[in-house]
Amino acid sequence: ILNRIIPFLDASTIVPFCHSLRSLHFLSRALYEVGSAFNKHISDLWPVLYFPRPVQDDSTSDPAPAQEQHIPVKHLHKLFHLSQLLDKYAGSAALVACSPGHLESLVTLLPRRVQIHSPTHVAGYTYAGRFDAFLRVLAGVRELQVDLFEFPATFEGSSMGGVIVGEVARWLARLCVKEISFCGDLVPAAVLDALASVKELEVLRMEDAGKLPVRMLPRCESLRRLVLEFPSCRLGQIQALLKVLPKTRLEEVEWLYYDACRDELLSLNWELSKIGWVADGDEQRMAWCKITNRSQS
């Protein structure tokens with residue numbers, strides 16, 4: 001029974017609950033040891049373990065990843081033990097997009113579920129180095145599920161196509177990812193095409209998109225939700241998306257902070273209803289929802 005309860009506990013309740021039961025002291029002890037070793041609050045340990053981040057110089061606007069902070073050998077077992085417990089109780093780990101070599105040093109410490117975050121507060125960050133090598137290491141981790149992947153806006157060779165972009169697309173297609181987030185519409189076509197092969201992809205998020213990835217949507221069979229943040233699409237592009245919706249498995253298209261295309265979206269409510277969808281929302285968010293799925297809920 002306890003094993004079923006623990007996954008539902010958050011950072012504010014996990015330690016008091018473990019302290020109240022002698023049989024769970026091992027879990028609170030594991031949290032304490034990692035928290036003490038890396039000076040982390042419980043909210044950075046449970047239910048998502050935030051791995052030690054690269055040291056970032058806030059005085060620079062350079063979005064490139066900073067130098068990695070390597071984990072002292074004496075703390076490796078503490079992280080490994082907590083990751084094992086996270087696996088047992090449906091937790092996960094979050095790490096930044098680091099160098100391939102640094103990722104290789106972490107893979108044995110990771111739980112089966114991870115999140116890959118931007119290394120900076122800059123949404124459209126540039127990955128400094130061979131991003132295909134980073135993905136190759138990630139794809140080589142057995143039984144790994146990526147809950148969230150914040151994709152770099154640019155990486156070495158991304159604007160030129162060719163071998164590197166092809167390798168990025170190839171390794172991306174081998175991953176199991178629940179949600180992918182892109183910034184902008186400069187995503188190489190080969191990378192977008194690879195999304196159809198990404199296992200279990202349910203959510204695609206795009207920020208500052210002036211174009212929509214309409215062509216590949218029908219081939220993404222597991223995709224259920226498309227999120228467009230700060231979109232600046234033209235009417236023709238939105239109509240193209242509306243036309244392809246019946247051919248997809250999407251259940252919701254969410255438009256966030258959509259001032260740049262507000263009039264265009266509002267003008268399509270009637271056309272939306274003709275294909276079995278409905279629009280709803282407020283000043284900052286509009287959601288297109290498939291009527292059958294909405295009524296069933």
Side-chain angles (χ1 to χ4, degrees), residues 113 115-116 118 123-124 145-151 153 169 172-173 175-297:
R113 292 174 51 211
Q115 304 169 15
I116 310 296
S118 161
Q145 176 182 303
V146 183
D147 290 339
L148 170 65
F149 199 147
E150 294 180 348
F151 221 77
L172 176 62
L175 293 176
C176 177
V177 187
K178 290 286 186 181
E179 178 176 343
I180 294 181
S181 176
F182 291 114
C183 182
D185 49 28
L186 298 178
V187 185
V191 173
L192 286 176
D193 288 340
L195 297 182
S197 301
V198 176
K199 303 178 186 68
E200 300 185 21
L201 180 62
E202 296 179 357
V203 182
L204 174 59
R205 182 181 297 268
M206 300 191 74
E207 299 180 22
D208 301 314
K211 299 178 183 178
L212 301 176
V214 173
R215 182 171 59 90
M216 44 70 64
L217 291 175
R219 294 186 287 113
C220 296
E221 296 186 357
S222 60
L223 191 64
R224 297 295 181 266
R225 186 164 168 249
L226 175 63
V227 182
L228 302 165
E229 193 168 352
F230 299 105
S232 56
C233 315
R234 296 182 179 180
L235 179 60
Q237 296 166 341
I238 301 174
Q239 288 175 321
L241 172 61
L242 189 147
K243 185 177 180 179
V244 82
L245 282 180
K247 302 175 184 178
T248 72
R249 305 239 178 142
L250 285 169
E251 298 173 358
E252 182 181 36
V253 179
E254 188 174 8
W255 307 81
L256 299 176
Y257 312 108
Y258 59 99
D259 284 347
C261 55
R262 181 182 302 275
D263 293 340
E264 290 85 348
L265 287 173
L266 293 176
S267 70
L268 294 174
N269 284 350
W270 170 243
E271 293 183 46
L272 198 62
S273 66
K274 289 195 294 184
I275 64 168
W277 286 61
V278 64
D280 188 21
D282 52 35
E283 291 297 311
Q284 295 184 333
R285 174 187 179 273
M286 178 182 290
W288 288 359
C289 300
K290 199 172 183 179
I291 292 176
T292 53
N293 288 283
R294 196 179 191 188
S295 61
Q296 287 173 2
S297 62

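Only a predicted model underlies this, so the values are computations on that prediction, with no experimental measurement involved. FYI, the numbering just counts along the sequence from 1.
Nearest heavy-atom pair, A169 versus A194, reported as atom, atom and distance to 0.1 Å: O-CB, 3.4 Å. Here the closest heavy-atom approach between residue A279 and residue N269 is recorded as CB-OD1, 3.5 Å. Between S232 and A260 the shortest heavy-atom distance is CA-CB, 4.0 Å. The two residues L235 and S267 have their closest heavy-atom pair at CD1-OG, 4.0 Å.
One finds the CD1 atom of I275 at 12.0 Å from the NZ atom of K243 (value rounded to the nearest 0.5 Å). Note that the NZ atom of K199 and the CD atom of Q145 stand 12.0 Å from one another [nearest 0.5 Å]. In this structure, L148 CG and K178 NZ are separated by 13.0 Å, a value rounded to the nearest 0.5 Å. Rounded to the nearest 0.5 Å, atoms CG (L226) and CG (L241) are 6.5 Å apart. Rounded to the nearest 0.5 angstrom, L268 CG and D263 CG are separated by 11.0 Å. With values rounded to the nearest 0.5 angstrom, C261 atom SG is found 4.5 Å from I238 atom CD1.
Under a 4.0 Å N-O distance rule, the pair E202/R224 does not qualify as a salt bridge. Using a 4.0 Å cut-off between charged nitrogen and carboxylate oxygen, E264 and R234 do not count as a salt-bridge pair. Using a cut-off of 4.0 Å between Lys/Arg side-chain N and Asp/Glu carboxylate O, D282 and R285 are scored as not salt-bridged. For the pair R205 and E150, the salt-bridge criterion is not met [side-chain N within less than 4.0 Å of a carboxylate O].
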request  = Could you go through the salt bridge (Lys or Arg N to Asp or Glu O under 4.0 Å) check for R225 and E252 one step at a time?
outcome  = CA-CA 5 Å; R225 186 164 168 249; E252 182 181 36; 3.2 Å; yes
| Should V191 and F151 be marked as a side chain to side chain contact (heavy atoms under 4.5 Å, CB included) after you check the CA-CA gap, both sets of side-chain angles, and the distance that decides it? | CA-CA 11 Å; V191 173; F151 221 77; 4.0 Å; yes
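Contact check for P218 versus V244: side-chain heavy atoms found under the 4.5 Å cut-off. You'll find the side chain of C220 stays beyond 4.5 Å of the side chain of L204, heavy atoms only. Put simply, the side chain of R219 reaches to within 4.5 Å of the side chain of D193, judged on heavy atoms. Inter-residue side-chain proximity for L256 and E207 is flagged as unmet; no heavy-atom pair is nearer than 4.5 Å. In this structure, the side chains of L266 and M286 come closer than 4.5 Å at one or more pairs of heavy atoms.
With respect to W288, the ring pair (Phe, Tyr, Trp, His ring centres under 6.0 Å) criterion is satisfied by exactly one of Y258, W255, W277: W255. Of the options L201, L223, L217, a side chain to side chain contact (heavy atoms under 4.5 Å, CB included) to L195 is made by L201 and by none of the others.
By the 6.0 Å contact criterion, NZ on K247 is open, its count of non-hydrogen atoms from other residues, nucleotides or ligands being 12 or less.
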